[in-house]
Amino acid sequence: MHNRSVDRQAGFSLVELAVVLVIVGLLIGGMLLPLSAQRDVRSQAETLKALSEIREALVGYALINGKLPCPMLTTTTDPANASYGFAPATCSPGAQGYLPWKTLGVNEIDAWGQKRVSSSDPFSGYWRYRVDDNFAATFTLSTTASQLSVRDAAGNTLTDGTPNAPVAVVFS
């Protein structure tokens, strides 16, 4: 009788390795969702902080100049242009465009935006801005008239013509 000893190599089988890889994949996939949620929460907090800075800059500008800045119009789209990012001297009635971030000294984009480097780049994440015509020219703080209104997706007016109506709207 021959006693054959079977030499077996020590190690893992392909089935065992496949099971381990599936488990590792599930663990990594489960961690991606909380990480993206954390990133979204951080971006939202950064955007709220930027909006607060914009509000303070607008109030400061109004106190110094006696009016709110005009929106940067989309006619100035070249980042290399000297007037890019600055408010024009006068506003046309109902003018809307982008926040003049260089005039105000604030960041030009929200947390999700991309800075433009050429005139062909989209205005992705740039702050949109519109100012009430009554406040784009020199005003006194007793002015209560407003032409701006905020509407919901169905077109219903969310603001009324009271002194609580907005004088400027900034959004991204």
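Basis for what follows: all heavy atoms, side chains included, without hydrogens, waters or symmetry-related copies.
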query = With distance as the sole test, does N81 use its side chain to make a donor-acceptor pair with the main-chain N or O of D78 at under 3.5 Å?
reply = no
query = Between Y129 and Y98, is the gap from one ring center to the other below 6.0 Å?
reply = no
ask   = If you group Ile, Leu, Val, Met, Phe, Trp and Tyr by side-chain heavy-atom gaps below 4.5 Å, do I28 and V20 land in one group?
value = yes
query = Rounded to the nearest 0.5 Å, how far apart are CD of E108 and NZ of K115?
reply = 4.5 Å
By side-chain contact (heavy atoms from CB on, under 4.5 Å) - contacts of E16 (at least two apart) = F12, S13
query = Side chains of W127 and L104: does their closest heavy-atom pair fall under 4.5 Å?
reply = no
task = For S92, check side-chain contact (heavy atoms from CB on, under 4.5 Å) against everything at least two apart and list the hits.
result = A95
request  = Quick one: list whatever passes side-chain contact (heavy atoms from CB on, under 4.5 Å) with V22, sequence neighbours left out.
outcome  = L26
message = Main chain of R42, side chain of R39: is a donor-acceptor contact present, judged purely on distance under 3.5 Å?
response = no
query = Is there a side-chain contact between L99 and P71 (heavy atoms, below 4.5 Å)?
reply = no
note = Quick note, ring pair (Phe, Tyr, Trp, His ring centres under 6.0 Å) partners involving residues 66-94, not counting sequence neighbours, are Y84-W101
Side-chain donor/acceptor of S43 to backbone N/O of A111, under 3.5 Å = no
Rounded distance (nearest 0.5 Å) linking atom CG of L68 with atom CG of D133 = 11.5 Å
query = Got a second to check how far F123's CZ is from Q114's CD, nearest 0.5 Å?
reply = 14.0 Å
query = Donor-acceptor pair, R116 side chain versus T77 backbone, under 3.5 Å?
reply = yes
request  = Sequence neighbours left out, what passes ring pair (Phe, Tyr, Trp, His ring centres under 6.0 Å) with Y61? Give chain and number order.
outcome  = none
inquiry  = Just verifying a value: how many Å separate Q44 CD and W112 CH2, rounded to the nearest 0.5 Å?
reply    = 6.0 Å
message = Does atom NZ (K102) have a neighbourhood of more than 12 heavy atoms from anything else shown, all under 6.0 Å?
response = yes
ask   = Can you name the closest pair of heavy atoms from C70 and A87 and give their distance?
value = O-CB, 3.3 Å
ask   = Between G85 and M72, what is the shortest heavy-atom contact and its length?
value = N-SD, 3.0 Å
key: L14 atom CG: more than 12 heavy-atom contacts under 6.0 Å   = no
Distance-only check: which donor-acceptor pairs under 3.5 Å involve side-chain atoms of residues 50-60, not counting sequence neighbours?
none

